[in-house]
Amino acid sequence: MITFDREVKNIIPLTDLTSFYPMEITCPDSGPTHTGAALEMVSELVKKELIRGSSDGKDDWRPLLFIFTDGKPSDIQKYRQMIPVIREMEFGAIVGCAAGPKADEQFLKELTDHVVKLDTTDAITLSSFFKWVSSSITMGGKSQGTEENIPLPPPPSELNIII
């Protein structure tokens, strides 16, 4: 889990799903959104930590990437530089979520075909989004190196899919 605002921080390292314990994140009220720098950190972590083609056959599964933003990239040039890098990394799926009235889904659409727009960020809508994310993760059982993209389950009615 990486947060990206004024600073880009890796607050929870890459980990298998069974070892993951979510934590509360405090978001700033305003400020820059360094999405490009966050994608750069994702790229570095995946290259360094993902196990591929091990001799004992214990490869990591294709990771899923979820990008959740309430704005637009402040570092647009870096963001656009990272798009082809991220696309080439064999993620099982990349899902963008533009949350709230100030979120701009157009930038997420440059990165992925799977973009969700949350008009509100109330507890019910966020809960629906994270339940959908959880069901997507359970479908993510593809081993690293397979070329198929993971089909995402249908979203709940509270989520607005942008195509």
Worksheet item: Does the pair Val8 and Thr3 meet the rule for a side chain to side chain contact (heavy atoms under 4.5 Å, CB included), with working shown?
Response: CA-CA 6 Å; Val8 177; Thr3 60; over 6 Å; no
Worksheet item: How about Asp5 and Pro32: do any of their side-chain heavy atoms sit closer than 4.5 Å?
Response: no
Item to complete: Determine, stepwise, if the pair Asp113 / Ile94 fulfils side chain to side chain contact (heavy atoms under 4.5 Å, CB included).
Response: CA-CA 8 Å; Asp113 293 330; Ile94 301 171; over 6 Å; no
Item to complete: Could you check if a side-chain atom of Ile76 sits within less than 4.5 angstrom of a side-chain atom of Phe107, using non-hydrogen atoms only?
Response: yes
Worksheet item: CD/Glu88 to CD1/Ile83 distance, rounded to the nearest 0.5 angstrom?
Response: 12.0 Å
Worksheet entry | Residue pair Val85 / Lys47: nearest heavy atoms and the distance that separates them | CG1-NZ, 4.4 Å
Item to complete: Test side chain to side chain contact (heavy atoms under 4.5 Å, CB included) on Leu108 and Phe68 and set out the steps.
Response: CA-CA 9 Å; Leu108 293 172; Phe68 194 86; over 6 Å; no
Response to the item:
On a heavy-atom basis, the closest approach of Met41 and Lys9 is SD-C, 4.2 Å
Practice prompt. Say whether, by atom type as modelled, one donor and one acceptor occur between the side chain of Ser74 and the main chain of Thr33 under 3.5 angstrom.
Written response: yes
Worksheet item: If we only count heavy atoms from C-beta on, is the Val115 to Val95 side-chain gap below 4.5 Å?
Response: no
Response to the item:
Taken to the nearest 0.5 Å, the spacing of Glu7 CD from His34 NE2 works out to 9.0 Å
Discussion item. Could you measure the distance from the CG atom of Leu64 to the NE2 atom of His114? Nearest 0.5 Å is fine.
Written reply: 10.0 Å
Practice prompt. Rounded to the nearest 0.5 Å, what's the gap from CD on Gln81 to CD on Glu40? Could you check?
Written response: 8.5 Å
Worksheet item: Is there a side chain to side chain contact (heavy atoms under 4.5 Å, CB included) between Ile2 and Leu45 once you walk through the steps?
Response: CA-CA 10 Å; Ile2 296 170; Leu45 290 171; 3.9 Å; yes
Worksheet entry | Tyr79 side chain reached by Ile86 side chain, heavy atoms, under 4.5 Å | no
Discussion item. Can a donor-acceptor pair be found, under 3.5 Å and without considering hydrogens, that links the side chain of Asp75 to the backbone of Gly36?
Written reply: yes
Worksheet item: Does any non-hydrogen side-chain atom of Ser43 lie less than 4.5 Å from one of Met82?
Response: yes
Worksheet item: Nearest 0.5 Å, what's the CG-NZ distance between Leu39 and Lys78?
Response: 10.0 Å
Worksheet, complete the sentence: Nearest heavy-atom contact between Thr112 and Arg87 is N-NH2, 4.3 Å
Discussion item. Distance check, rounded to the nearest 0.5 Å: Leu65 atom CG versus Met89 atom CE?
Written reply: 9.5 Å
Response to the item:
Shortest non-hydrogen pair, Ala98 vs Asp104, comes out as CB-C, 4.5 Å
Worksheet, complete the sentence: Shortest non-hydrogen pair, Glu105 vs Lys117, comes out as OE1-CD, 3.5 Å
Discussion item. Which heavy atom of Val42 sits nearest to which heavy atom of Phe91, and what is that distance?
Written reply: CG1-CZ, 3.8 Å
